[in-house]
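Quick caveat: nothing in here was measured; it's all calculated off a predicted structure.
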2 protein chains.
Amino acid sequence: MSTATIKEIARKANVSIATVSRALSNDAKVKHSTKVLIERVAKELDYKPNILARNFVKKQSNIVCLILPDIADEFFSDLIKSVDEASYAMGYFTMITSSHKLRSIEEAVHTFIANGLAGSIIALIPSLSPELERILKNTEIPIVLLGASSVVEKFDSVSIANYDGVAELIDYLIKVKGYRKIAHITGPMDNNDSLERFGSYKDTLEKNGIEFNRDYIGQGDFTQESGKRECIKLLKLTDRPQLIFASNDMMAIGCYQAIKEFGLRIPEDIGVVGFDNIFTSCFLSPSLTTVDVSIELMGRSAADIAIRRMRSELPEAKQKIKIPTKIVFRESC
Amino acid sequence: MSTATIKEIARKANVSIATVSRALSNDAKVKHSTKVLIERVAKELDYKPNILARNFVKKQSNIVCLILPDIADEFFSDLIKSVDEASYAMGYFTMITSSHKLRSIEEAVHTFIANGLAGSIIALIPSLSPELERILKNTEIPIVLLGASSVVEKFDSVSIANYDGVAELIDYLIKVKGYRKIAHITGPMDNNDSLERFGSYKDTLEKNGIEFNRDYIGQGDFTQESGKRECIKLLKLTDRPQLIFASNDMMAIGCYQAIKEFGLRIPEDIGVVGFDNIFTSCFLSPSLTTVDVSIELMGRSAADIAIRRMRSELPEAKQKIKIPTKIVFRESC
DNA sequence: ATGAAAGCGCTAACAA
DNA sequence: TTGTTAGCGCTTTCAT
């Protein structure tokens, strides 16, 4: 490895290392001719700054650290890619890590904050534990929360417009499709997305004059298995619902399995809708009506905030970005 | 942020910073009692070493950098996760980046090598350009190639056992299922996986006494669209094949679309098989028979090699890991 | 077994 | 506009 250092450039260009440093970070007043000279020499030597040294002395890092939860969701690739692309475009690097069986999310965050590697953190935090909140609040580096409760006023956050998305979906089901008996399978009860979707489901039913029916609620955990399990319970009801709204597409897939095992047809006997628009959704038969979210936009927005915070380009007030959703009309209802 | 430094620990423990450094990296001869004392103080102060400083002075990095190609494949999440998990378990961090419209893979690799951030590189390189090979060979840090031509003797590599996997698949199709007219849609012609699969397809046909038929070859590029396009060409043949072996599942999905548009049935009128076993495969109708590869094992193996190279724990000879495959029997043939 | 001191590559006062 | 110098937190000789 061993690229040239500013020392060698200084020697070759007959200037001091300070001048080289200034010229290369082009923020100081350096005579144009010397700047040009230094840049030429730097290019000749194929100079790449030692990021470690630079970050170390500046006591800051140009690494955006993306922290993901344990489960590997389908959309992580897109999220990572969009964060990295935006970061790179602004001159930053992307580090990623996730909590897993060996490490809690709290530990992951704490480590990255304390050891100086991360210049900012983007964390996909489905639910904010008190300990995590304490750690996060005790740090100087910018934190951007993805999908975390937007109620938490203390952090910048980027989240999905769950409420509006679900409201639009349920409205469509009732007003256009004529469904009245709509069941819902929720995600985990400490998950913000799940909670918001559930709240919107209830509110929208009521706004349409449909009474909320506790029997029509299944409690899942965003996994396919839980979707299937809760769907079976719903299918066994004497007053069976006409449609099941699963809080995400994975659980909707579970519903498909259950419904097929019961020998029922979608959407003739019972409709199904989901949320997320994962890649698989359009290949199910029948294809799944769901709510699309631009993960790419989410990642880009988060990186943008993180980096502008690092550069102190943002106003004091915490940013609260809501990523809009869009219904994808298909064949399952 | 600002965790305690070794200086503060030294002061509190009444020893020199050198002793603290030694005690904490527990490789030098430090009296047991002082070591215990220092560790206690360190814990009290919630000390986390400044990784930037440490890496900087040691002129090495404990960051494993994973470099991905532009396209965001479905399996990236699993790959990233498994690399990170293995790295973390061995005390390393994971950085990821990908080539994209703003940056070629050559530039990405070069940057990470030169700026000192990466301690080793794991690169998913479908095809090795001469420039990339030059860059890679000119560096001191360990390089592990994923899926790159295993012919390249100069690098450690982890790749899929394409040849054996396809041989097993084609053998099954001929001997068990009785297919004879088997068409193939290839991936890009500079992609190693694609090439190996194609080679194995040809060889296995011949071993079974079936003459290779050039008309039965479509040249795709691993995208769904190319699969559809090439499938249409095959369906228009007067002597239509009985089955299409797509070089990956995405193209198999494209085949499904084409076949349905032609009003044909799978597998009654024509069979389809793929390679990869992506998540969606089992939800297609009919579900897709394909070849499964453990991405998780791939990532783990790559991280393992990268890190043991960093620690000089591996013999000179380049490691050549082949990840075994397994046929997933389903309904599409 | 421990301490003193140099130095990694770079930036940022302070001088000139 | 440029040079000199101190120092970031840590590791690592070289002494003791």
Side-chain angles (χ1 to χ4, degrees), chain A residues 1-39 41-42 45-63 91 111 113-119 140 310, chain B residues 1-39 41-42 45-63 91 113-119 140:
Chain A
M1 74 176 245
S2 72
T3 332
T5 66
I6 53 170
K7 219 174 187 171
E8 304 172 45
I9 298 180
R11 204 167 40 74
K12 283 227 183 191
N14 263 319
V15 293
S16 75
I17 58 164
T19 304
V20 175
S21 175
R22 280 191 282 252
L24 260 26
S25 48
N26 60 245
D27 65 336
K29 335 115 212 317
V30 180
K31 212 206 302 179
H32 184 69
S33 62
T34 60
K35 186 178 149 92
V36 169
L37 169 67
I38 289 170
E39 277 167 350
V41 176
L45 265 38
D46 191 26
Y47 170 80
K48 301 263 174 194
N50 182 319
I51 305 279
L52 255 24
R54 194 212 292 275
N55 287 347
F56 168 52
V57 51
K58 293 184 86 168
K59 285 165 146 315
Q60 51 147 54
S61 153
N62 62 163
I63 299 174
T111 304
I113 290 175
N115 70 14
L117 266 183
E140 240 87 290
M310 289 194 253
Chain B
M1 74 176 247
S2 73
T3 332
T5 66
I6 53 170
K7 219 173 186 172
E8 304 173 45
I9 298 179
R11 204 167 41 74
K12 285 226 181 190
N14 263 319
V15 292
S16 73
I17 57 163
T19 305
V20 175
S21 173
R22 281 190 280 252
L24 260 25
S25 48
N26 58 244
D27 66 336
K29 335 112 214 320
V30 179
K31 210 207 302 179
H32 183 68
S33 62
T34 61
K35 184 176 149 90
V36 169
L37 169 67
I38 287 170
E39 277 167 349
V41 176
L45 265 38
D46 191 25
Y47 170 79
K48 302 261 174 192
N50 183 319
I51 304 280
L52 255 23
R54 193 209 292 270
N55 287 348
F56 168 52
V57 50
K58 293 183 87 168
K59 286 165 147 313
Q60 51 146 47
S61 154
N62 64 162
I63 299 174
I113 290 175
N115 70 15
L117 267 183
E140 241 87 288

Taking all non-hydrogen atoms of both residues into account, name the closest pair between [X] and [Y] and its distance.
X     : Y      : answer
A:Y47 : A:A4   : CD1-O, 3.0 Å
A:S61 : A:G116 : CB-O, 3.7 Å
A:V30 : A:A23  : CG2-N, 3.9 Å
B:A10 : B:S16  : CB-C, 3.9 Å

Look up atom [atom1] in [X] and atom [atom2] in [Y], then write down how far apart they are to the nearest 0.5 Å.
X     : Y      : atom1 : atom2 : result
A:L37 : A:I9   : CG    : CD1   : 10.5 Å
B:K58 : A:L52  : NZ    : CG    : 12.5 Å
A:Q60 : A:E140 : CD    : CD    : 13.0 Å
B:T19 : B:N14  : OG1   : CG    : 11.5 Å

Starting from [atom2] on [N], measure out to [atom1] on [X] and report it in whole angstrom.
X     : N      : atom1 : atom2 : result
B:K7  : C:dA5  : NZ    : P     : 14 Å
B:L52 : C:dC10 : CG    : C1'   : 12 Å
A:Q60 : D:dG9  : CD    : P     : 14 Å
B:K58 : D:dC10 : NZ    : P     : 13 Å
B:I38 : C:dG3  : CD1   : P     : 8 Å
A:F56 : D:dG9  : CZ    : P     : 6 Å
B:N26 : C:dA1  : CG    : P     : 14 Å
A:N50 : D:dC8  : CG    : P     : 18 Å

Exercise. How bent is the helix from C:dA1-D:dT16 to C:dA16-D:dT1, comparing axes over its five end pairs at each side, to the nearest 10°?
Worked result: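 Between the first-five-pair axis and the last-five-pair axis there is 40°.
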Exercise. Is any side-chain N of the basic residue among A:K12 and A:E8 closer than 4.0 Å to the acidic one's carboxylate O?
Worked result: no
Under 4.0 Å: is that the gap between some side-chain N or O of [X] and OP1 or OP2 of [N]?
X     : N      : result
B:S21 : D:dT11 : yes
A:Y47 : C:dC10 : yes
A:S16 : D:dG3  : yes
A:K59 : C:dT11 : no
A:T34 : D:dT2  : yes

Exercise. Are B:N50 and A:N115 close enough that some pair of their side-chain heavy atoms sits under 4.5 Å apart?
Worked result: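 Result no, sub-4.5 Å side-chain heavy-atom pair not found.
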Problem set entry | Toward the 5' end of DNA chain C, by each residue's nearest nucleotide, A:P49 or B:I17 |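 Counting from the 5' end, the first nearest nucleotide belongs to B:I17.
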For this session: Please figure out whether B:N14 or B:V57 has its closest DNA chain C nucleotide nearer the 5' end.
Result: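 So the residue in question is B:N14.
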Distances for protein N or O near nucleotides 13-16 of chain C N or O, under 3.5 Å:
none

For this session: Ignoring the backbone of B:K31, work out which of D:dG3, D:dG9, C:dT2 is nearest its side chain.
Result: C:dT2
